[in-house]
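See structure below.
What you see below is based on every heavy atom in this structure, not just the backbone, and it leaves out hydrogens, waters and symmetry mates. Treat the numbers as computed from the prediction; the structure is a model and nothing was measured.
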Amino acid sequence: LGNAQANASSTGDSLLASGNTTCSGGTLNRTAYWMPTLIDMRTGQPLVPSSSIFYYKLGYLGVRAGSVQAFPKGLRMIAGNSASTTPITSPNVGVECVSGGGHQSAIPSCAVGDDLNVSVIFPQCWDGVNLDSPDHKSHMAYPVAFWTGDPYRQYRCPATHPVVLPAITFAVEYVLPADGNISKWRLSSDSYDPSIPAGHSMHGDWMNGWDPTISELWGIKCMRERRNCGAANMGDGRTTLEFQGN
């Protein structure tokens, strides 16, 4: 999702310079958003998501609004574990029925007429130096817990990764078939024994393709001023489309 021309060889410059985008902000956001494809193993057909939303937030329980920085050009990262063969335990990866029940350890059985939601939360603490790392993870970190006496400020970035960036969350939904049977749905990255429940390898890739000017602007307006911006909304009455071509 996002930049349709993105691939493993893409760079910050190539993403910014080329490719259409599925994002509502137009080509001012050529960011690449990737998750493993869900496949119906009964037919071998890939499943198309019914909706996708990519959230950029301050974070949870403690990150100071004034400390949030814009994403550096060329930054990329992975969240989740593509090699996992064990039940999902990370709070940063979720598969669940939209009607409720919370995050499950594998792709669950949902009621007829329900939808399946898949989510990935990315780390928001950057080491301030490396735009990538060999495992695509080590240059990033999640906030760590500490205590100040304030229940609304319990987390901060570790000293090894001091630069605070917006927290990214992927939220992707799939419509269940008419009979509600998704027992044969598996991820393209679920390369383990099919007798093991599906979904353990859920993960996501993110590669920055935001126009730097726009990234700075919504970073200031939305994050540092605690505005609720919504899709393609700059938080000051303008939308990203008003900047298109400038």
Side-chain angles (χ1 to χ4, degrees), residues 1-19 21 23 29-37 52 54-60 62-64 67-86 88-94 118-146 155-172 187-192 199-212 214-216 219 223:
L1 298 161
N3 193 323
Q5 292 185 12
N7 57 50
S9 300
S10 295
T11 64
D13 288 332
S14 69
L15 288 176
L16 285 171
S18 62
T21 180
C23 298
N29 181 12
R30 286 188 168 115
T31 297
Y33 307 86
W34 185 90
M35 296 173 72
T37 302
S52 59
F54 306 104
Y55 294 98
Y56 292 83
K57 302 180 180 180
L58 279 178
Y60 304 91
V63 173
R64 294 184 181 275
S67 67
V68 176
Q69 305 298 313
F71 293 109
K73 185 176 73 172
L75 183 69
R76 60 178 66 195
M77 57 181 149
I78 290 178
N81 184 359
S82 64
S84 177
T85 61
T86 57
I88 299 169
T89 58
S90 170
N92 301 307
V93 176
V118 178
S119 61
V120 178
I121 300 174
F122 285 75
Q124 71 175 123
C125 303
W126 177 42
D127 66 11
V129 177
N130 300 291
L131 299 176
D132 200 357
S133 50
D135 62 358
H136 310 298
K137 293 182 176 182
S138 300
H139 60 305
M140 302 295 298
Y142 290 95
V144 296
F146 77 118
Y155 288 83
R156 63 184 172 190
C157 284
T160 54
H161 296 73
V163 182
V164 182
L165 303 176
I168 305 167
T169 299
F170 290 8
V172 181
L187 297 172
S188 59
S189 54
D190 285 342
S191 57
Y192 49 84
H200 295 170
S201 68
M202 175 51 64
H203 62 289
D205 299 15
W206 180 91
M207 299 196 307
N208 185 22
W210 278 97
D211 178 279
I214 298 303
S215 180
E216 279 283 0
M223 302 292 172

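- Judged by distance alone, with hydrogens and angles left aside, the side-chain atoms of Asp190 form a donor-acceptor pair with the main-chain N or O of Gly199 at under 3.5 Å.
- Taking both residues in full, the closest heavy atoms of Ala79 and Val120 are given as CB-CG1, 3.6 Å, listed atom of the first, atom of the second, then distance.
- Put simply, the side chain of His200 gets close to the backbone of Thr85: a donor and an acceptor are under 3.5 Å apart.
- What you find for Ile121 and Thr169 is that their closest heavy atoms are CG1-OG1, 3.6 Å.
- Looking at His161 and Trp126, their side chains never come closer than 4.5 Å, going by heavy atoms from C-beta outward.
- For the pair Trp34 and His203, the minimum side-chain heavy-atom distance is below 4.5 Å.
- Note: Tyr56 and Tyr33 have perpendicular aromatic rings, judged against thresholds of 30 and 60 degrees for the angle between ring planes.
- For the residue pair Met140 and Leu165, the shortest heavy atom distance occurs at CE-CD1, 4.0 Å.
- The minimum heavy-atom distance between Phe170 and Asp205, with the atom names listed, is CZ-O, 3.4 Å.
- Here the CE atom belonging to Met202 is positioned 12.5 Å from the OG atom belonging to Ser90, to the nearest 0.5 angstrom.
- Remark: the Asp135 side chain and the Ser138 side chain contain an N/O donor-acceptor pair separated by less than 3.5 Å.
- Contacts of Tyr55 classified as side-chain hydrogen bond (donor to acceptor under 3.5 Å, both in side chains), with partners at least two apart in sequence or in another chain: none.
- Note that the CG atom of Asn208 and the CG atom of Asn29 stand 8.5 Å from one another [nearest 0.5 Å].
- Separating the CG atom in Asp211 from the CG atom in Leu15 is a distance of 13.0 Å, to the nearest 0.5 Å.
- With contacts defined as side-chain heavy-atom distances shorter than 4.5 Å, the pair Gln124/Ile168 does not qualify.
- Ser9 and Asn7 make their closest contact through N-OD1, 2.8 Å (heavy atoms, listed as atom of the first residue, atom of the second, distance).
- Scanning for side-chain hydrogen bond (donor to acceptor under 3.5 Å, both in side chains) contacts around Thr21 gives an empty result, with sequence neighbours left out.
- From Leu16, atom CG reaches atom CG of Asn3 across 9.0 Å, with rounding to the nearest 0.5 Å.
- The shortest heavy-atom contact between Cys125 and Tyr142 is SG-C, 4.1 Å.
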Validation: residues 68-77 side-chain donor-acceptor distances under 3.5 Å, sequence neighbours left out:
{"from": "Gln69", "atom 1": "NE2", "to": "Ser67", "atom 2": "O", "distance (Å)": "3.2"}
{"from": "Lys73", "atom 1": "NZ", "to": "Asp13", "atom 2": "OD1", "distance (Å)": "2.8"}
{"from": "Arg76", "atom 1": "NH2", "to": "Ser10", "atom 2": "O", "distance (Å)": "2.1"}

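- With values rounded to the nearest 0.5 angstrom, Met35 atom CE is found 13.0 Å from Ser82 atom OG.
- Between Val164 and Arg64, the closest side-chain pair of non-hydrogen atoms is not below 4.5 Å.
- One finds the CG atom of Asp132 at 9.5 Å from the CE atom of Met207 (value rounded to the nearest 0.5 Å).
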